[in-house]
K.L.:
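Okay, handing you the structure first.
For ligands, and for the atoms within them, numbers begin at 1 and follow the listed sequence.
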Amino acid sequence: MNKDKEVLIQDQDQSHFVLSLINSRQNVAPKRLVVPGPSQQQLEKIFSAAVTAPDHGLLQPWRFILIPEHKRDALGTAFVNALKERDLKASQVQIESAYTKAFRAPCVMICVLNNKVSQPHIPKNERLISLGCALQNMLLMAQSMSIGCGITSGQSINSEPIRKLFQLSSDEEGICFLNFGTVKEYKPKRPIPNPSSFFSSL
Ligand SMILES: Cc1cc2nc3c(=O)[nH]c(=O)nc-3n(C[C@H](O)[C@H](O)[C@H](O)COP(=O)(O)O)c2cc1C
């Protein structure tokens, strides 16, 4: 970080801006995300936000894999195969719905956790927290550029067809998908819990 930026952060109270950014973020379902998706430059900013996530042991225990337009058919087929594997009686309607899920958001990526045994040993919970922090950084960066975003998981996220498509190693696990695009329509914001419901003092 250059010296000017350090001074700016130390000298100015940024809490109002940060709080309003955090408060304005909202999960947007992929079916409400339309083109245009983030530009290459915007995507680079989103990824640069991920790398500053807290990371015990500096393992960077996560990675993100983009699914470009020409690979959506392969993703849809993996969703269908995952559905058929867990439900032999899946109907044609369910199969079609599983396939079309792959085509919803203009920009989609899978978030992968790495649980490879390492030195120092950092347990899975801590690695997941690091991934969660990276995700939140990315969501907030997207929000700051007025890009809509949403997380999706679903039963197929770590299924064999999805693992095979993304060539996940035995140390890796699919955790969720991250979707970006232009918001077609916002849903009403959820009621925000009062901090007193989860914060206490010993
Ligand atoms: C790991 C993870 C997985 C999620 N998976 C889904 C999902 O499959 N479908 C969905 O509609 N929302 C999913 N969400 C988003 C939550 O539903 C959403 O964050 C929650 O409703 C709160 O809304 P907000 O983010 O707008 O405050 C997921 C969130 C997380 C953290």
Side-chain angles (χ1 to χ4, degrees), residues 18-34 37-38 46-47 49-50 53-55 60-67 72 75-76 78-83 85-87 90 94-115 123-159 161-163 165-166 168 172-199:
V18 173
L19 194 61
S20 74
L21 177 65
I22 291 172
N23 282 338
S24 64
R25 186 208 58 83
Q26 169 174 20
N27 196 74
V28 184
K31 63 182 176 203
R32 286 183 285 116
L33 291 171
V34 295
I46 291 171
F47 285 130
D55 178 7
Q60 200 173 303
W62 33 261
R63 65 188 179 110
F64 304 93
I65 308 169
L66 268 169
I67 303 119
R72 297 298 181 96
L75 180 61
F79 281 151
V80 169
N81 290 339
L83 171 64
E85 269 182 22
R86 68 175 184 270
D87 182 3
Q94 288 171 312
I95 288 171
E96 274 164 28
S97 161
Y99 182 75
T100 53
K101 270 185 194 156
F103 295 85
R104 284 183 185 154
C107 174
V108 57
M109 59 188 79
I110 188 170
C111 311
V112 177
L113 184 75
N114 193 321
N115 210 21
K124 180 176 172 179
N125 285 353
E126 297 192 18
R127 296 171 189 237
L128 260 178
I129 288 174
S130 179
L131 171 57
C133 292
L135 281 177
Q136 181 74 346
N137 279 0
M138 294 165 85
L139 296 177
L140 292 178
M141 179 57 80
Q143 180 68 21
S144 76
M145 297 185 284
S146 302
I147 296 166
C149 42
I151 306 176
T152 45
S153 40
Q155 293 182 69
S156 59
I157 183 69
N158 206 33
S159 62
I162 291 287
R163 295 185 61 82
L165 175 64
F166 292 101
L168 302 190
E172 291 183 310
E173 194 178 327
I175 301 297
C176 58
F177 290 98
L178 202 44
N179 307 271
F180 296 100
T182 302
V183 182
K184 186 169 68 171
E185 183 198 356
Y186 280 103
K187 281 194 5 190
K189 260 183 92 66
R190 66 169 167 135
I192 299 298
N194 190 306
S196 63
S197 66
F198 58 84
F199 190 83

K.L.:
Counting C-beta onward and ignoring hydrogens, is there a side-chain heavy-atom pair between P161 and E85 closer than 4.5 Å?
P.N.:
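Counting from C-beta outward, P161 and E85 do come under 4.5 Å.
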K.L.:
Could you check whether any side-chain N or O of D55 sits under 3.5 Å from a backbone N or O of P61, counting only pairs where one atom can act as donor and the other as acceptor?
P.N.:
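No, because the side chain of D55 does not come within donor-acceptor range (under 3.5 Å) of the backbone of P61.
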K.L.:
Would R25 count as a contact of ligand 1 if the rule is a heavy atom under 4.0 Å away?
P.N.:
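R25 counts as a contact of ligand 1 under the 4.0 Å cut-off.
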K.L.:
Take a 6.0 Å sphere around NZ of K31 and say whether it holds more than 12 heavy atoms from other residues, nucleotides or ligands.
P.N.:
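At most 12 heavy atoms, drawn from other residues, nucleotides or ligands, come within 6.0 Å of this atom.
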K.L.:
Please state which option from L139, V28, I151 has its nearest heavy atom closest to atom 10 (C) of ligand 1.
P.N.:
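Checking each option, the heavy atom nearest atom 10 (C) of ligand 1 is found in I151.
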K.L.:
Right, does atom 17 (O) of ligand 1 have protein non-hydrogen atoms nearer than 4.0 Å?
P.N.:
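No; the ligand atom in question lacks any protein heavy-atom contact below 4.0 Å.
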K.L.:
Strictly inside 4.0 angstrom of atom 6 (C) of ligand 1, do you find any protein heavy atom?
P.N.:
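Under the 4.0 Å cut-off, atom 6 (C) of ligand 1 does have protein heavy-atom neighbours.
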K.L.:
What is the closest protein heavy atom to atom 11 (O) of ligand 1, and at what distance does it sit?
P.N.:
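Looking only at protein heavy atoms, the one closest to atom 11 (O) of ligand 1 is N27 ND2, 4.5 Å.
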K.L.:
Which atoms from ligand 1 have a heavy atom of S153 less than 4.0 Å away?
P.N.:
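Every atom of ligand 1 under 4.0 Å from some heavy atom of S153: 3 (C), 4 (C), 5 (N), 6 (C), 7 (C), 8 (O).
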K.L.:
With a 6.0 Å cut-off (strictly less than), is the heavy-atom count around OH of Y186, excluding the residue itself, greater than 12?
P.N.:
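Atom OH in Y186 is crowded, with more than 12 foreign heavy atoms closer than 6.0 Å.
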K.L.:
Does the N or O separation between T152 and ligand 1 drop below 3.5 Å for any pair?
P.N.:
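Among all N and O atoms of T152, none is under 3.5 Å from an N or O of ligand 1.
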K.L.:
Any N/O of R190 closer than 3.5 Å to an N/O of ligand 1?
P.N.:
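Looking only at distances, the answer is yes, because the N/O contact criterion of under 3.5 Å is met.
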K.L.:
Anything under 30° is parallel, anything over 60° is perpendicular, the rest tilted; go ahead and classify F177 against F79.
P.N.:
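Because their plane-to-plane angle is over 60°, the rings of F177 and F79 count as perpendicular.
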K.L.:
List ligand 1 atoms under 4.0 Å from Q26, heavy atoms only on the residue side.
P.N.:
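Here the atoms of ligand 1 in question are 26 (O).
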K.L.:
Compare every heavy atom of L178 with every heavy atom of L139, then report the nearest pair and how far apart it is.
P.N.:
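The answer is CD2-CD1, 3.6 Å.
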K.L.:
Within the structure, does at least one protein heavy atom fall under 4.0 Å of atom 21 (O) of ligand 1?
P.N.:
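Given the 4.0 Å cut-off, atom 21 (O) of ligand 1 does not count as touching protein heavy atoms.
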K.L.:
Please identify which of these residues, R63, R163, K124, meets the salt bridge (charged side-chain N to carboxylate O under 4.0 Å, His left out) condition with E173.
P.N.:
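Result for salt bridge (charged side-chain N to carboxylate O under 4.0 Å, His left out) with E173: K124.
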